[in-house]
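What follows is a short report on a single structure.
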Amino acid sequence: MANAASGMAVHDDCKLRFMELKAKRTYRFIVYKIEEKQKQVIVEKVGEPGQSYEDFTACLPADECRYAVFDFDYFTEENVPKSRIFFIAWSPDTSRVRSKMIYASSKDRFKRELDGIQVELQATDPTEMGLDVFKSRAN
């Protein structure tokens, strides 16, 4: 069903891949893209479980908006391994205004489709989603 605000539908593959990340940890990250002509959100890229945060950030275009999900592993102060699923709304300052508006108006509905998001980040440049930001928001 299309989003009333922006008219963007969510491709079934988006939810399927997210469920695989959440339940089976099949992927480290998923990058989503809005296909304006098809008026839907699609999976652009998935990261294998062994891929790093650096591999993930390298997949985000410097001048285009994207949504992304990242499975962040960390240790608590008691040295207990944990993980958090982050939703990132990537909207670089250099992207087109129209693109920023479409991504902003579609975000909430798209995020609701992905049941299990634990932390949300808005980022307009890489420093807003650095590893230090992930670590501080994970606890």
Side-chain angles (χ1 to χ4, degrees):
M1 194 172 113
N3 178 349
S6 69
M8 291 300 155
V10 177
H11 194 281
D12 288 341
D13 196 37
C14 294
K15 292 180 269 192
L16 184 71
R17 298 282 180 106
F18 178 76
M19 294 310 288
E20 289 172 348
L21 177 143
K22 184 175 104 174
K24 301 179 192 150
R25 303 196 71 175
T26 314
Y27 311 110
R28 169 66 57 201
F29 60 85
I30 306 170
V31 178
Y32 300 97
K33 175 183 184 178
I34 291 179
E35 277 293 342
E36 284 188 54
K37 289 182 180 68
Q38 298 165 359
K39 295 206 178 309
Q40 68 177 350
V41 182
I42 60 163
V43 172
E44 182 179 53
K45 179 145 182 58
V46 294
E48 298 305 314
Q51 288 192 281
S52 69
Y53 170 81
E54 287 75 19
D55 296 325
F56 162 64
T57 55
C59 293
L60 295 175
D63 56 357
E64 288 180 43
C65 300
R66 293 291 186 273
Y67 299 129
V69 173
F70 186 79
D71 188 4
F72 179 66
D73 293 325
Y74 67 100
F75 288 92
T76 64
E77 287 179 18
E78 297 79 35
N79 215 25
V80 178
K82 291 209 165 192
S83 85
R84 287 264 186 261
I85 297 175
F86 278 74
F87 176 85
I88 298 106
W90 173 244
S91 183
D93 291 330
T94 53
S95 56
R96 294 186 348 259
V97 172
R98 175 179 164 74
S99 178
K100 288 183 202 178
M101 289 171 60
I102 290 170
Y103 274 81
S105 64
S106 303
K107 182 187 76 168
D108 288 338
R109 178 178 179 274
F110 177 64
K111 208 175 90 187
R112 276 197 304 274
E113 296 281 339
L114 307 179
D115 185 33
I117 299 286
Q118 294 162 310
V119 184
E120 179 184 337
L121 289 178
Q122 287 277 144
T124 58
D125 74 67
T127 61
E128 293 175 12
M129 51 175 253
L131 270 176
D132 53 334
V133 176
F134 274 75
K135 287 174 187 156
S136 70
R137 295 287 303 276
N139 292 319

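Sequence positions, counted from 1, serve as the residue numbers for this chain.
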Report task. Name the orientation class of the two ring planes belonging to Phe70 and Phe29 (parallel below 30°, tilted from 30 to 60°, perpendicular beyond 60°). Result -> parallel
Query - Backbone of Pro61 reached by a side-chain donor or acceptor of Trp90 within 3.5 Å - result: yes
Query raised in the report: If only atom types and distance count, is the side chain of Arg84 paired as donor or acceptor with the main-chain N or O of Gln118 below 3.5 Å?
Result: no
**Report entry** Nearest atoms (heavy-atom pairs only) where Val46 meets Arg17
**Finding:** CG1-NH1, 3.2 Å
Query raised in the report: Shared ILVMFWY cluster between Ile85 and Tyr32, side chains joined below 4.5 angstrom?
Result: yes
**Report entry** Over 12 non-hydrogen atoms of neighbours within 6.0 angstrom of CG in Asp115
**Finding:** no
Query raised in the report: What are the two closest heavy atoms between Tyr103 and Ile34, and how far apart are they?
Result: OH-N, 2.8 Å
Query raised in the report: Where the side chain of Ser99 meets the backbone of Glu64, is there a donor-acceptor pair that is under 3.5 Å apart?
Result: no
Report task. Assign the ring pair Phe86 / Phe134 to parallel, tilted or perpendicular, where the plane angle (0 to 90°) is split at 30° and 60°. Result -> tilted
**Report entry** Minimum-distance pair of heavy atoms, taken over all atoms of Ser52 and Asp55
**Finding:** N-OD2, 2.8 Å
Report task. Can you see which heavy atom on Gln38 is nearest to which on Ile42, and at what distance? Result -> OE1-CG2, 4.3 Å
**Report entry** Note, Lys107 side chain near Tyr67 side chain (heavy atom, < 4.5 Å)
**Finding:** yes
Query raised in the report: Counting N and O atoms only, with roles assigned by atom type, does the side chain of Thr26 sit under 3.5 Å from a partner on the main chain of Glu20, one being a donor and the other an acceptor?
Result: yes
